[in-house]
Amino acid sequence: MLLIAVSGVFTMSFFGIHKLLRLLYILRLGHGPEYVGLFSAASALSFMGMSLPGGSLGRSFGTRRIIFLGSIIMIVGMVIQPLGEFVPTAIQDLWPIGSQMVITAGWSMLNVNLVPALMAAATKRNRNNAYALSSSLKGLGTFLGIISGGMLPGLFAQALHQTLDTPGPYRCALWVSAALGTFGLIPLSFIGQVEGIAPEEREEARGPFPVLPVALMIAYVFLRHGGWAACQAFYNAYLDTDLHPTASSIGLITGTGQFLAIPAALLTPRLTARRSNGWILAATTVGMAISLIPLALIPHWAAAGVAQMAILVLSAIWMPALQVFQMELVEAQWRSMAYGAVSMAMGLSFGSISLLGGYVIAARGYQTLFLLGAGLSMAAAVLMVGIPR
């Protein structure tokens with residue numbers, strides 16, 4: 001439970017407040033969609049770059065130590081990011097990107113080791129339940145972070161006597177997310193050293209690294225995450241620049257979808273009782289492709305909100321199924337490395353779409369990018385149908 005609590009707190013800080021406000025802050029600094037794409041791509045590539053080293057470090061030095069180190073690195077990055085307005089002019093454009101790379105490197109080290117640590121702490125009988133509960137608590141943390149994060153700029157704007165078109169209120173709100181992240185260190189400090197392999201599996205951990213299964217999962221995750229990234233990397237920017245709701249409204253729209261995702265994650269164990277994890281991965285990927293279509297074709301905040309809700313709900317069901325499917329696909333001794341490889345694919349996919357997406361938006365608009373994401377998701381679903389066979 002302490003591992004799940006750690007995940008929930010850091011998710012509220014990183015995926016809730018920080019993720020909602022960082023792009024709004026970047027836009028208030030005067031940057032356009034090309035910079036947003038470069039910013040998101042650098043973040044994703046940093047996540048990718050630390051995925052395999054993070055898994056290797058966890059295997060060598062213990063998952064708890066690397067989770068703690070990653071948490072510290074992430075918090076430091078969140079503290080320094082809003083200082084970019086005060087650094088010399090020559091590096092002001094580089095500062096948000098560099099600090100975001102620090103943040104996501106820390107998050108990568110934390111996340112890559114949390115997943116196999118939870119696998120080792122759970123039994124074979126309750127793995128789906130454990131990952132579903134973890135995903136649900138992450139959803140709750142994200143929901144609370146999004147709702148509070150949407151309110152924070154308005155509160156700080158009043159306190160600072162500034163408008164919401166200036167970066168000051170967003171800068172202070174981002175520091176709140178960093179302060180919240182420090183509370184995740186409290187349950188982490190009560191956790192002893194986490195074994196990377198469950199006791200009943202130690203005798204089984206003898207085979208070589210499973211290259212083919214991991215390679216197939218990398219291909220699937222790359223395509224599926226590309227569809228997800230087309231929405232997630234630019235969704236807040238799309239609302240802010242094209243549809244023009246307030247920051248609190250963006251938080252409310254996103255938060256509603258995140259609220260629905262909380263109980264959705266708990267559906268995964270029920271679905272696995274009837275269907276396999278592979279079937280769930282394929283079905284939710286098809287659903288995400290379909291959900292991206294109204295986001296592309298209907299330029300209204302209500303359509304964007306419904307599409308985002310569907311994507312968040314499907315992703316909440318998808319994530320625990322992916323984690324269990326991928327963890328059971330390889331022997332216990334290789335789980336940190338294998339999940340690091342899959343996480344690397346996530347980062348590479350997100351980075352590629354983010355980098356390409358900024359230029360696609362500038363040339364053809366947001367709708368073209370969302371349709372591209374739908375196509376990638378459908379290709380991933382076709383691949384997943386074949387992987388279990």
Side-chain angles (χ1 to χ4, degrees), residues 2-16 18-19 22 40-81 97-121 131 134-135 138 141-142 177-178 180-197 214 218 221 225 319 322-323 326-327 330 333-351:
L2 287 175
L3 284 170
I4 294 175
V6 168
S7 178
V9 173
F10 284 124
T11 300
M12 182 177 178
S13 170
F14 178 73
F15 270 117
H18 185 265
K19 184 177 179 181
R22 66 191 182 197
S40 298
S43 175
L45 293 176
S46 176
F47 182 91
M48 179 199 72
M50 278 306 301
S51 293
L52 278 176
S56 180
L57 288 170
R59 188 165 179 261
S60 300
F61 298 102
T63 54
R64 179 187 177 277
R65 291 189 182 94
I66 304 306
I67 290 171
F68 196 90
L69 177 61
S71 304
I72 295 296
I73 292 173
M74 183 180 72
I75 292 169
V76 169
M78 294 169 77
V79 170
I80 66 173
Q81 186 170 70
I97 293 175
S99 57
Q100 186 62 28
M101 293 179 71
V102 173
I103 294 169
T104 47
W107 173 254
S108 178
M109 296 170 66
L110 185 159
N111 187 62
V112 164
N113 285 282
L114 267 176
V115 173
L118 184 58
M119 190 72 173
Y131 279 95
S134 176
S135 183
K138 286 181 180 179
T142 304
S177 70
L180 178 62
T182 62
F183 286 96
L185 300 176
I186 297 175
L188 185 57
S189 66
F190 288 100
I191 299 174
Q193 180 55 38
V194 182
E195 294 288 344
I197 303 175
V214 173
I218 287 174
V221 168
H225 217 60
M319 181 55 76
L322 171 73
Q323 291 171 340
Q326 193 268 329
M327 289 289 102
V330 301
Q333 65 172 339
W334 298 116
R335 282 173 182 159
S336 292
M337 293 292 292
Y339 195 71
V342 170
S343 297
M344 181 183 69
M346 291 183 183
L348 179 61
S349 178
F350 197 96

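Small disclaimer: the values here were computed from a predicted structure and weren't measured.
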Residues in side-chain contact (heavy atoms from CB on, under 4.5 Å) with [X], at least two apart?
| X | answer |
| --- | --- |
| Ser40 | Leu23, Val36, Ala233, Phe350, Ser354 |
| Ser46 | Met101, Thr104, Ala105 |
| Thr11 | Ser7, Phe15, Trp107, Lys138, Thr142 |
| Val102 | Ile73 |

Below 4.5 Å, heavy atoms only, C-beta onward: do [X] and [Y] meet side chain to side chain?
| X | Y | value |
| --- | --- | --- |
| Leu322 | Val221 | yes |
| Met12 | Val9 | no |
| Leu185 | Ile75 | yes |

How long is the straight-line distance from [atom2] of [Y] back to [atom1] of [X], given to the nearest 0.5 Å?
| X | Y | atom1 | atom2 | value |
| --- | --- | --- | --- | --- |
| Gln326 | Ile218 | CD | CD1 | 9.0 Å |
| Phe14 | Met74 | CZ | CE | 7.0 Å |
| Met109 | Ile67 | CE | CD1 | 10.5 Å |

Of all heavy-atom pairs linking Ser13 and Ala178, the shortest is OG-N, 4.5 Å

Throw together a table of side-chain donor-acceptor distances under 3.5 angstrom for residues 47-55, partners on residues two or more places apart or in other chains.
| from | atom 1 | to | atom 2 | distance (Å) |
| --- | --- | --- | --- | --- |
| Ser51 | OG | Phe47 | O | 2.7 |
| Ser51 | OG | Ser108 | OG | 3.4 |
| Ser51 | OG | Met344 | N | 3.4 |

According to side-chain hydrogen bond (donor to acceptor under 3.5 Å, both in side chains), who are the partners of His18, at least two apart in sequence or on a separate chain? Gln81

